[in-house]
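Each chain gets a letter, A, B and so on, in the order the sequences are listed, and its residues count up from 1. Only heavy atoms go into these numbers, but all of them, side chains included; no hydrogens, no water, no symmetry mates.
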2 protein chains.
Amino acid sequence: MSVRIIDDAQSTDDGEVQKIRGISDVAQETGLSTHTLRYYERIGLLRIQRDHAGHRVYFPEDLRRIAFITRLRQTDMPIREIQRYFELVDQGPASEPERLNLLLRHREAVQAQLVTLQSALEAIDTKIELYGGSGQP
Amino acid sequence: MSVRIIDDAQSTDDGEVQKIRGISDVAQETGLSTHTLRYYERIGLLRIQRDHAGHRVYFPEDLRRIAFITRLRQTDMPIREIQRYFELVDQGPASEPERLNLLLRHREAVQAQLVTLQSALEAIDTKIELYGGSGQP
DNA sequence: CCTTGACTTCGAGCACACTCGAACCTCTAC
DNA sequence: GTAGAGGTTCGAGTGTGCTCGAAGTCAAGG
């Protein structure tokens, strides 16, 4: 994966090294399948550049976006809302208040999830103890 | 909902009062839809008695089972595994070790979920702070 | 030149957990 | 005895988030 067409080889202010990746590398690193990566792109969560052969070329920026998408998915944010979030991102800085809002609302949801999950875990533990199970002492 | 046909009006040892419920009461109380309650029965998670009119009659025991099913669903146990669990329950006490095992394994999964969720929450909080958001101080 | 293999697009298919609708039944109240 | 509410069964439909397969392209190695 060596790419030269890309003129936009940005070097970030912290002197980050540009490691450009093909889709299977990225699949490896992120734990997502190539299918899923392409799917995310199809539905507009990602916009990935192509090399001269038309192959996808992932920049560190893309990897960071993928990582964040993964976090949002792990907390069950619906794809639609993630789409909304990245629409806002792609609209530039003017949308920051709305993005913040979206994230704050989502955080509430995640905290609620945590509460539900913890109380369900307690219920399960109670049941386990009922079976005389080795609950953590 | 007054029922007399049911000869099996068990009074539990702690003198629990028999409050027998129709499906819509139960839907109300549990937050599940009547559709879902019937669905759970179809797939074998519940076996609910009928009154003389063929209407479902829920006993406290059934409500407790429903509550536990809900806990398992809240923690993303797949329906298949919940089916398995209640197959074991319905097989009587001999299956208790296996039930315990199933629950212990599920607890592991839930704890993993909690860890994932918490670390994703941190990531989201970090992003929120990046937006200058009012994270909890 | 030819094979190999990793990539491309596109539409279709799948698994899961419900969710709904049609057609029918039955109790209660008037 | 008829209306209406609320139940019944059954099969089919829905939404979400992937997941897959077919058919084609491209560049490198032998």
Side-chain angles (χ1 to χ4, degrees), chain A residues 1-6 20-58 62 66 69-86 106 109 113 116 120, chain B residues 1-6 20-58 62 66 68-86 109 113 116 120:
Chain A
M1 269 285 148
S2 63
V3 177
R4 205 78 302 273
I5 299 299
I6 314 316
I20 287 159
R21 303 299 194 160
I23 193 168
S24 37
D25 297 333
V26 173
Q28 274 277 305
E29 282 175 33
T30 60
L32 301 175
S33 72
T34 57
H35 285 304
T36 301
L37 286 168
R38 285 191 273 256
Y39 165 69
Y40 282 175
E41 199 175 340
R42 257 197 296 181
I43 64 174
L45 294 191
L46 301 170
R47 260 167 307 95
I48 304 296
Q49 301 208 34
R50 304 301 148 109
D51 65 13
H52 66 106
H55 290 191
R56 288 167 176 81
V57 166
Y58 292 83
D62 300 319
I66 292 166
I69 290 170
T70 300
R71 294 308 203 169
L72 295 178
R73 291 294 306 124
Q74 282 171 343
T75 52
D76 282 326
M77 183 183 281
I79 294 272
R80 303 303 296 272
E81 214 170 326
I82 302 180
Q83 283 175 326
R84 176 79 189 128
Y85 178 79
F86 286 110
H106 183 56
Q113 269 185 77
T116 300
Chain B
M1 268 286 146
S2 63
V3 176
R4 206 79 301 273
I5 298 299
I6 316 305
I20 286 159
R21 305 299 195 158
I23 193 168
S24 37
D25 298 332
V26 174
Q28 274 278 303
E29 282 176 33
T30 60
L32 300 174
S33 72
T34 56
H35 284 304
T36 301
L37 286 169
R38 285 192 271 256
Y39 166 69
Y40 281 176
E41 200 175 341
R42 259 199 295 183
I43 63 174
L45 294 191
L46 301 170
R47 261 169 305 96
I48 304 297
Q49 302 207 34
R50 304 302 146 108
D51 65 11
H52 64 107
H55 290 191
R56 287 167 177 80
V57 165
Y58 292 81
D62 299 320
I66 291 166
F68 192 55
I69 290 169
T70 300
R71 295 308 203 168
L72 295 178
R73 290 294 305 123
Q74 282 171 343
T75 52
D76 282 325
M77 184 184 280
I79 294 273
R80 302 303 296 271
E81 213 170 326
I82 303 180
Q83 284 175 325
R84 176 79 190 128
Y85 178 77
F86 286 109
Q113 270 185 75
T116 300

Value for OH (B/Tyr58) from CG (B/Asp25), rounded to nearest 0.5 Å, stands at 10.5 Å

Separation of D/dT19 atom P from A/Arg73 atom CZ, nearest Å, is 11 Å

Whole-Å distance, B/His52 NE2 to C/dT26 P, equals 11 Å

Name the nucleic acid region contacted by A/Ser24, choosing base, sugar-phosphate or nothing; use a 4.0 angstrom heavy-atom cut-off, strictly under. sugar-phosphate

To the nearest angstrom, the OH-P distance between A/Tyr40 and D/dT16 comes to 15 Å

Side-chain atoms of A/Tyr39 come closest, of D/dG17, C/dC18, C/dA17, to D/dG17

Value for CD (B/Gln28) from OG1 (B/Thr34), rounded to nearest 0.5 Å, stands at 11.0 Å

task: Using a cut-off of 6.0 Å, state whether more than 12 heavy atoms not belonging to A/Glu29 lie near its atom CD.
output: yes

Per-nucleotide protein contact along nucleotides 8-14 of chain C, 5' to 3', at a 4.0 Å heavy-atom cut-off (B base, S sugar-phosphate only, - neither), is BB-B---

Atom CG of B/Leu45 and atom P of C/dA17 are separated, to the nearest Å, by 10 Å

Interatomic distance, CD1@A/Ile43 vs CD1@A/Ile79, rounded to 0.5 Å, equals 4.5 Å

Whole-Å distance, B/Ile48 CD1 to D/dG7 P, equals 14 Å

- Any donor-acceptor N/O pair, B/Gln83 side chain to B/Gly44 backbone, under 3.5 Å: no

Value for OH (A/Tyr40) from CG (A/Asp62), rounded to nearest 0.5 Å, stands at 14.5 Å

Rounding to 0.5 Å, atoms CD (B/Gln74) and OG1 (A/Thr116) come to a distance of 5.5 Å

From CD of A/Gln28 across to P of C/dA6 the rounded distance in Å is 12 Å

Separation of D/dC18 atom P from A/Leu72 atom CG, nearest Å, is 12 Å

* Within the structure, does a side-chain N or O atom of B/Thr34 lie under 4.0 Å from either OP1 or OP2 of D/dG7? -> no

Separation of C/dA17 atom C1' from B/Met77 atom CE, nearest Å, is 16 Å

